Amino acid sequence: MKRFLGITLAAALVVFGFAGCTGEEKSADEQGLTEITIWSPDSGSRTAMEKATYEFNETTGKENGIKVIYEAKESLSNQITIALQTNRAPDMFMSGDAGEFSEKGYIVAIDDLPGGKELIEKKKDFLVEKRQQYKGKTYSIPYNADTYGLLYNKDMFKAAGIVDENGEAKPPKTYAELREIAKKLTNPEKNEYGIIFPGKWGGWFGIDVERMASVNSGTVGYNYQDGTFDYSYCAPMMQLILDIKADGSCMPGTEGVDNDPARARFAEGNIGMKMGVSWDVGVLNDQFPAKCDWGVAPLPVADENNVYKQYLNVNTGMKISAQGVARVGAEKIMFVYSWFTSDELAKRLYELGAVIPIDSSIIESADSSNLKKGWAEFAAMTQLSVVYPQIPEMEIAGETDLSTNFLNNVWTGNMSIDEAIAAYNAVAAAGVEKYKEYNPDYDESVCIVPDWNIKR
């Protein structure tokens, strides 16, 4: 494995071309190769992963008697459950709950496989209870991340004179600056607006407000030190949105705007700013090619003297099926798993514009000369970001969450921000107690991090 990671993989990734095979190809059995199957829900990186898999199979894999079959599948969560129940599971897959699947014996702890502890130690800062870990064991290792930033239209900024000493567009650093810039960029007669809010999008409040407001507190509604819920960190962001609405600086009709139409409007060039996620790079380069020059800036903050690291969203990582280990053996499974989670593969996939590595040091060593517009800027956010610990499980079915209250009551003026936050703090706290009633063995103390401090 060390030889593979240190020498062979690097050689395999130097040439990353992908060409179809001509003529009849022998099956894996005929070539004496062991097939190892990987299922992923990530269709966005399918082309790059197919290239990587092909090159691996033609070099390192063949040398070691292995052929990887990589499949990107839609609705993977439904398919994997059936596959596990009928003994037709892939060897590796990214889906399902680590706790549930481990209790049912569907997956194997990486700690118990050859070389597993070394892999875990290297990525320990990115592992979260319930996502990758369960009851002291690790069941998956994340390999890519989503980062967050402010998309801004450089053309509109320059036209409005919002530039630095070099004449370059100067994005806002604070909420106050964002509000003033939004005013300055708004001209209803030209159908130009300072910012757009996709209020109809189901992820708008959770991502564009809760996660992006975490820079103000270093939390996402849960105090990791004392175990209490407090969503007041969202208040400055919620107030900013209401103020912009009152100013008339956001595109009208927030309640009916979904995220795709919002991104399409930004791409047209008449929207000044929009909260963005790294996956928007593909949208603005390919799905809705932007007609304006645009950039990505760090998330604005409420107070420049009180800034915390941004939220880093890492994927759950690949789980290893017990069926796979029984079929092909732990050594071969871990040979492929080590390749899949290696820094070398993450670096190359980043260079291909497929994934952002979870570790900023990998990005720093990569060739960024041929990346899609915005990719390097979003990747740079890893230096300002960190993986947040898990918050407690809660059962709040039938209750009104903060997102719903904001859109239905705060936005319409029927409830104050403070009232909405207080109501949801109570809902969240009660939701944990209710979850514990249904799950008597649940221990919420795993979410307590006494020394949690990510202030920048």
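As the structure is a computational prediction, the values presented were derived from the model and not from experiment. Heavy-atom basis, side chains included; hydrogens, waters and symmetry copies ignored. Position 1 is the first residue of the sequence; numbering continues from there.
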* Using atom types as modelled and distance alone, determine if a side-chain donor or acceptor of S75 lies under 3.5 Å from a backbone N or O of N78. => no

* Taking atom CD1 of I362 and atom CG of N144, what is their separation to the nearest 0.5 Å? -> 11.0 Å

* Q383 side chain vs S385 backbone, donor-acceptor pair below 3.5 Å -> no

* Spatial distance of atom CD (E177) from atom NZ (K170) [nearest 0.5 Å] -> 7.0 Å

* To do: Report yes if the side chains of E71 and I69 come closer than 4.5 Å at any heavy-atom pair, otherwise no.
  => yes

* Any side-chain heavy atom of R179 within less than 4.5 Å of one from Q239? -> no

* Asked: Quick one: are the ring centres of Y435 and Y442 less than 6.0 Å apart?
  -> yes

* Main-chain N/O of S140 paired with T138 side-chain donor or acceptor, under 3.5 Å -> no

* Take atom NZ in K117; do more than 12 heavy atoms of anything else shown fall under 6.0 Å from it? -> no

* Asked: Can you find a heavy atom in the side chain of S321 that is under 4.5 Å from one in the side chain of W39?
  -> no

* Asked: Passes side chain to side chain donor-acceptor pair (under 3.5 Å), D418 versus S416? Steps please.
  -> CA-CA 5 Å; D418 289 343; S416 72; 5.4 Å; no

* To do: Would you mind checking if E192 and K190 are paired as a salt bridge, meaning a charged N to carboxylate O distance below 4.0 Å?
  => no

* Asked: So, D111 and K137, do they make that salt bridge, N to O below 4.0 Å?
  -> no

* Judged by modelled atom types alone, do D42 and S40 share a side-chain donor-acceptor pair under 3.5 Å? -> no

* **Chi angles and distances behind the side-chain contact (heavy atoms from CB on, under 4.5 Å) call for E121, K124** => CA-CA 5 Å; E121 177 63 23; K124 63 182 180 180; 2.9 Å; yes

* **With sequence neighbours excluded, residues passing side-chain contact (heavy atoms from CB on, under 4.5 Å) with N223** => Q225, D226, T228

* Asked: Counting heavy atoms not belonging to K173, are there more than 12 under 6.0 Å from its NZ?
  -> no

* Asked: Just checking, any donor-acceptor pair under 3.5 angstrom between side chains of N306 and K455?
  -> yes

* For the pair T341 (side chain) and Y143 (backbone), establish whether a donor and an acceptor sit closer than 3.5 Å, ignoring hydrogens and angles. => no

* Hey, is K436 close enough to E433 for a salt bridge, meaning N to O under 4.0 Å? -> yes

* Structure fact -> Value for CG (N313) from CD1 (I356), rounded to nearest 0.5 Å, stands at 11.0 Å

* To do: Could you tell me which non-hydrogen atom of Y70 sits nearest to which non-hydrogen atom of S45, and how far apart they are?
  => OH-OG, 4.3 Å

* Taking all heavy atoms of T316 and all of Q132, pick out the closest pair and write down the distance. => O-CG, 3.3 Å

* Asked: Hey, mind stepping through L151 and W294 against side-chain contact (heavy atoms from CB on, under 4.5 Å) and telling me if it holds?
  -> CA-CA 7 Å; L151 303 174; W294 58 278; 4.0 Å; yes

* To do: Compare all side-chain heavy atoms of C250 with those of I244 and state whether any distance is below 4.5 angstrom.
  => yes

* To do: Run the salt-bridge test on K434 and E437 with the 4.0 Å N-O cut-off and return the result as yes or no.
  => no

* Should the pair R265-E268 be classified as a salt bridge under the 4.0 Å nitrogen-to-oxygen rule? -> no

* Over all heavy atoms of both residues, which pair between S217 and Y233 is shortest? Give the atoms and the distance, please. => OG-CB, 3.3 Å

* Asked: Do Y134 and E100 have a side chain donor and acceptor closer than 3.5 Å?
  -> no

* Asked: Are side-chain heavy atoms of W339 and T53 found at a separation under 4.5 Å?
  -> yes

* Asked: Where do V296 and G149 come nearest, in terms of heavy atoms and distance?
  -> CG1-CA, 4.2 Å

* To do: Applying ring-ring contact (aromatic ring centres under 6.0 Å, His included), run through Y139 and F101 and close with a yes or a no.
  => CA-CA 10 Å; Y139 291 91; F101 280 10; over 10 Å; no

* To do: Mind checking the CD-CD1 spacing from E351 to I363? Nearest 0.5 Å is all I need.
  => 11.0 Å

* Look at the side chain of Y337 and the backbone N and O of I141, then say whether any donor-acceptor pair between them is shorter than 3.5 Å. => yes

* Asked: Taking the side chain as C-beta and beyond, is there a heavy-atom pair between E210 and Y231 under 4.5 Å?
  -> yes

* What is the distance from atom CE of M49 to atom CZ of F340, rounded to the nearest 0.5 Å? -> 4.5 Å

* Are W452 and Y224 close enough that their ring centres sit under 6.0 Å apart? -> yes

* Any side-chain heavy atom of Y388 sitting closer than 4.5 Å to one from V128? -> no

* Asked: So, are D367 and K347 salt-bridged, with charged N and O less than 4.0 Å apart?
  -> no

* Answer yes or no: is there a side-chain heavy-atom contact under 4.5 Å between I271 and M156? => no

* Test item: N166 side-chain N/O and E168 main-chain N/O as donor-acceptor pair under 3.5 Å -> no

* Could you walk me through whether R456 and Q310 pass side-chain contact (heavy atoms from CB on, under 4.5 Å), step by step? => CA-CA 10 Å; R456 288 180 2 216; Q310 298 184 178; 3.9 Å; yes

* What do you reckon, is NZ of K158 surrounded by more than 12 foreign heavy atoms closer than 6.0 Å? -> yes

* Asked: Has the side chain of D401 got a donor or acceptor atom that lies under 3.5 Å from a matching backbone atom of T404?
  -> yes

* To do: To the nearest 0.5 angstrom, please state how far the OG atom of S77 sits from the CE atom of M94.
  => 12.0 Å

* **NZ/NE/NH1/NH2 to OD/OE distance under 4.0 Å, D359 and K123** => no

* Asked: Just wondering, more than 12 heavy atoms not from K309 lying within 6.0 Å of its NZ?
  -> no

* **Criterion side-chain contact (heavy atoms from CB on, under 4.5 Å) on F205 and M238, from CA distance to verdict** => CA-CA 9 Å; F205 193 88; M238 296 165 72; 4.1 Å; yes

* Of all the heavy-atom pairs spanning L284 and A267, show the shortest one and how long it is. => CD2-CB, 4.0 Å

* Asked: Under 3.5 Å, side chain of D258 to main-chain N/O of D260, donor-acceptor pair present?
  -> no

* Which residues satisfy the side-chain contact (heavy atoms from CB on, under 4.5 Å) test with P252, sequence neighbours excluded? -> Y193

* Can you name the closest pair of heavy atoms from L84 and Q323 and give their distance? -> O-NE2, 3.1 Å

* Structure fact -> Residue set satisfying side chain to side chain donor-acceptor pair (under 3.5 Å) with R211, at least two apart, ordered chain then number -> Y148

* Does NZ belonging to K245 count more than 12 external heavy atoms closer than 6.0 Å? -> yes

* Determine yes or no for a side-chain-to-main-chain donor-acceptor pair under 3.5 angstrom, with N216 supplying the side chain and A302 the backbone. => yes

* To do: Taking N153 for its side chain and D155 for its backbone only, find out whether a donor-acceptor pair lies under 3.5 Å.
  => yes

* **Parallel, tilted or perpendicular: rings of W204 and F197 (30°, 60°)** => tilted

